[in-house]
Amino acid sequence: MERTCIKQLIEWKNSPRRKPLIIEGARQVGKTWLVKEFGKNHYQNCIYVNFEQEKSLQNIFEKDLNPQRIIETLQLYTNKVISPEDSLIFFDEIQAATSGITSLKYFYENASQYHIIAAGSLLGMSVHTGESFPVGKVNFLQMHPMSFIEFLNAIGKDQFANALIEQKWSILSPFHEELCQILKSYLIVGGMPEVVNEYAERRDYKIVQEIQHEILDSYERDFSKHAPINELPRIRQVWESVPTQLAKENKKFIYGLLREGARAKDYELAINWICDAGLLLKTNRVTKPELPLSHYAEPDIFKLYMLDVGLLSTLSNIRPEIILEGNRIFTEYKGALTEQFVHQQMTQKKYEGLYYWTNDRSTAEVDFVIQNRNMIIPIEVKAEKNVHAKSFKLFCEKYNPTSAIRTSMLPYKEESWMTNIPLYGMI
């Protein structure tokens with residue numbers, strides 16, 4: 001498979017300001033595969049240590065944090081010579097090694113010639129205590145599930161992917177319906193690499209959902225392994241409520257759906273924990289679309305999305321045939337999957353801010369408002385071909401944004417006040 005993050009790793013390798021790199025991301029988004037592939041293709045030697053598996057190395061950092069001693073120990077353990085010029089050192093599941101994360105500071109300060117990448121599930125790293133985090137001494141790379149472009153490449157639709165990247169709308173126009181069907185497949189499959197790989201090989205949705213259930217089960221087990229015991233029941237309640245929250249017409253997170261009388265303060269730690277773990281993505285409301293958007297965000301009013309649209313469809317018990325049959329999915333499920341899809345794509349583009357807007361009385365709403373450099377861009381998500389959007393029109397008339405986007409199942413079209421981008425073009 002081809003992952004666009006490889007380009008970022010190449011830039012990191014060649015950067016004169018290179019520091020030890022921490023790759024963040026939820027379990028099973030492909031961190032280990034990515035780094036191993038990078039090491040195989042861009043170094044003569046890749047030293048791989050998984051600290052969850054190699055228990056005898058979990059105390060390698062306890063004696064001291066001298067990089068040279070650590071390097072020599074790794075050489076003996078792997079029976080390989082580690083040279084700064086052509087070796088990549090990959091510490092996987094680094095949270096399982098005491099003082100492993102802290103050691104990165106000393107590699108940067110005393111042995112910066114070595115190329116070091118560390119990875120670990122946010123479920124472990126976000127709650128790892130008793131260590132000094134190397135602030136300012138490391139680089140970061142955030143990994144997400146595979147994007148729609150990566151999905152197209154994986155299933156052999158490279159030309160579609162290239163045309164979308166280059167925004168060749170007139171060339172893509174004859175293939176609009178085919179791309180809509182591929183998008184529906186992505187809503188089922190999502191972007192978890194193991195799932196995408198299986199779908200690319202067999203096109204079997206039953207096996208796809210079996211693997212997705214396995215991933216969801218592994219997350220549930222990780223809750224028990226890593227979460228604070230007293231927060232565990234509330235974490236499970238939040239996690240299991242997401243499909244119901246997103247199926248509502250108003251997708252704002254409602255505590256009352258967790259249990260009667262639930263209050264924000266009862267669930268604040270649980271929500272923060274699961275978001276820090278990378279499993280849920282929070283989008284806050286803004287009431288004033290001005291720069292910077294972060295100044296107008298309301299921390300207590302938000303929507304929660306899952307990390308992957310395929311996992312959402314499976315957790316919601318949506319049968320694949322429902323998604324594939326015409327536009328039934330878009331009427332019965334109120335656009336929950338399409339809004340999740342757009343959020344997922346926008347998150348990977350790393351805008352300065354990703355929020356949603358409502359007016360003061362919450363009688364008008366725009367699905368997403370992004371900050372892109374010095375522009376505020378509203379995005380209205382329409383799951384059907386019926387694209388009437390009174391709130392979106394009201395927002396644009398009131399605030400007159402430089403650019404406004406509506407995304408729907410209709411082909412690309414520019415109008416005087418906004419641009420309609422087909423859902424599959426939200427890349």
- Side chain to side chain, Glu240 and Glu220, heavy atoms closer than 4.5 Å: yes
- Query: Side-chain contact, heavy-atom cut-off 4.5 Å: Ser99 with Leu65?
  - Reply: yes
- Task: Look at Arg285 together with Glu298 and state whether they make a salt bridge at an N to O cut-off of under 4.0 Å.
- Result: yes
- For Trp12, does its backbone N or O pair with a side-chain atom of Ser15 as donor and acceptor, under 3.5 Å? no
- Are Asn420 and Ser408 close enough that a side-chain donor and a side-chain acceptor fall under 3.5 Å? yes
- Would you mind reporting whether Leu337 and Leu312 have side-chain heavy atoms less than 4.5 Å apart? yes
- Query: Are the ring centres of His176 and Tyr424 closer than 6.0 Å?
  - Reply: yes
- Within a reach of under 6.0 Å around CD of Gln159, are more than 12 heavy atoms found that belong to other residues, nucleotides or ligands? no
- Query: Salt bridge between Lys7 and Glu2, side-chain N to carboxylate O under 4.0 Å?
  - Reply: no
- Query: How many angstroms lie between CD in Glu37 and SG in Cys5, if you round to the nearest 0.5 Å?
  - Reply: 13.5 Å
- Residues Glu268, Lys265: salt bridge by 4.0 Å N-O rule: no
- Message: Could you walk me through whether Gln340 and Val242 satisfy the side-chain contact (heavy atoms from CB on, under 4.5 Å) test, starting with their C-alpha distance in whole Å, then the side-chain angles of each, then the deciding distance to 0.1 Å, before giving a yes or no?
- Response: CA-CA 11 Å; Gln340 165 75 42; Val242 172; 5.9 Å; no
- Item | Test log, rule side-chain contact (heavy atoms from CB on, under 4.5 Å), inputs Gln68 and Glu72 | CA-CA 6 Å; Gln68 195 55 46; Glu72 290 175 1; 3.7 Å; yes
- Query: Do the side chain of Arg18 and the main chain of Ser112 share a donor and acceptor less than 3.5 angstrom apart?
  - Reply: yes
- Is the charged tip of Lys137 near the ring of Tyr108: under 6.0 Å from the six-membered ring centre and within 45° of its axis? no
- Query: What is the distance from atom CG of Asp222 to atom OG of Ser224, rounded to the nearest 0.5 Å?
  - Reply: 9.0 Å
- Query: Is Arg202 salt-bridged to Glu210, going by a charged N under 4.0 Å from an acidic O?
  - Reply: no
- Message: Less than 6.0 angstrom separating the ring centers of Phe61 and Tyr106, yes or no?
- Response: no
- Message: Is it true that, when you exclude Glu166 itself, more than 12 heavy atoms of the residues, nucleotides or ligands shown sit nearer than 6.0 Å to its CD?
- Response: yes
- Could you check Ile207, Asp204, Val208 and say which one makes a side-chain contact (heavy atoms from CB on, under 4.5 Å) with Tyr199? Val208
- Message: Just so I know, are the side chains of Glu365 and Asp367 near enough to count as touching, which here means a heavy-atom distance under 4.5 Å?
- Response: yes
- For residues Pro145 and Gln348, report the shortest heavy-atom separation together with the two atoms involved. O-NE2, 2.8 Å
- Any donor-acceptor N or O pair under 3.5 Å, side chains Ser241, Arg259: no
- Query: Step by step, would you call Ile60 with Tyr77 a side-chain contact (heavy atoms from CB on, under 4.5 Å)?
  - Reply: CA-CA 11 Å; Ile60 189 176; Tyr77 190 85; over 6 Å; no
- Interatomic distance, Ile116 atom CD1 to Phe91 atom CZ [nearest 0.5 angstrom]: 5.5 Å
- Between Glu93 and Arg27, does a salt bridge (charged side-chain N to carboxylate O under 4.0 Å, His left out) hold up when you go through it step by step? CA-CA 10 Å; Glu93 300 298 349; Arg27 283 199 188 277; 3.2 Å; yes
- Note on the structure: Exactly one candidate in Glu339, Lys251, His343, Lys303 meets side chain to side chain donor-acceptor pair (under 3.5 Å) with Thr283; the answer is His343
- Task: For the residue pair Tyr356 and Lys252, establish whether any side-chain heavy-atom pair is separated by less than 4.5 Å.
- Result: yes
- Check: Leu74 main-chain N/O paired with Thr78 side-chain donor or acceptor under 3.5 Å: yes
- Message: In terms of relative ring orientation, are Tyr255 and Phe253 parallel, tilted or perpendicular, with 30° and 60° separating the classes?
- Response: perpendicular
- Query: Counting distance only, does the side-chain N/O of Ser391 pair as donor-acceptor with the main-chain N or O of Ala364 below 3.5 Å?
  - Reply: no
- Query: Any sub-3.5 Å donor-acceptor pair from Glu62's side-chain atoms to Thr98's backbone N or O?
  - Reply: no
- Message: Could you check whether any side-chain N or O of Ser87 sits under 3.5 Å from a backbone N or O of Ser83, counting only pairs where one atom can act as donor and the other as acceptor?
- Response: yes
- Do Leu152 and Tyr186 come close enough that some side-chain heavy atom pair is under 4.5 Å? no
- Between atom CD1 of Ile274 and atom CG of Leu281, what is the distance when rounded to the nearest 0.5 Å? 10.5 Å
- Item | Member of Ile94, Asp92, Leu57 meeting the side-chain contact (heavy atoms from CB on, under 4.5 Å) criterion with Asn50 | Asp92
- Please confirm whether the backbone N or O of Ile188 pairs with a side-chain atom of Gln212, one donor and one acceptor, at under 3.5 Å? yes
- Is there a donor-acceptor pair under 3.5 Å between the side chain of Arg3 and the backbone N or O of Leu34? no
- Note on the structure: Taking every heavy atom of Glu194 against every heavy atom of Ile211, the minimum-distance pair comes out as CD-CG2, 3.7 Å
- Query: Is it true that the NZ or CZ of Lys36 lies under 6.0 Å from the centre of Phe90's six-membered ring and within 45 degrees of the ring axis?
  - Reply: no
- Ignoring hydrogens and angles, tell me if any N or O in the side chain of Gln58 forms a donor-acceptor pair with the backbone of Phe51 under 3.5 Å. yes
- Can you measure from CD1 (Ile323) to CD1 (Ile318) and round to the nearest 0.5 angstrom? 5.5 Å
- Query: Checking side-chain contact (heavy atoms from CB on, under 4.5 Å) for the pair Leu307/Tyr219: CA distance, chi angles, key distance, verdict?
  - Reply: CA-CA 12 Å; Leu307 78 156; Tyr219 289 160; 3.9 Å; yes
- Query: When rounded to the nearest 0.5 angstrom, what distance separates CG in Leu315 from CE in Met306?
  - Reply: 5.0 Å
- With no hydrogens and no angle check, do the side chains of Tyr355 and Ser294 hold a donor and an acceptor under 3.5 Å apart? no
- Message: Has Thr314 got a side-chain atom pairing as donor or acceptor with Leu311's backbone, closer than 3.5 angstrom?
- Response: no
- side-chain contact (heavy atoms from CB on, under 4.5 Å) with Ile23: which of Gln8, Gln142, Lys31? Lys31
- Check whether NZ of the Lys or CZ of the Arg Lys13 lies under 6.0 Å from the centre of the six-membered ring of Tyr43 and within 45 degrees of that ring's axis. yes
- Is any side-chain heavy atom of Ile182 closer than 4.5 Å to a side-chain heavy atom of Phe160? yes
- Side-chain heavy atoms of Leu179 within contact of Leu183, under 4.5 Å: no
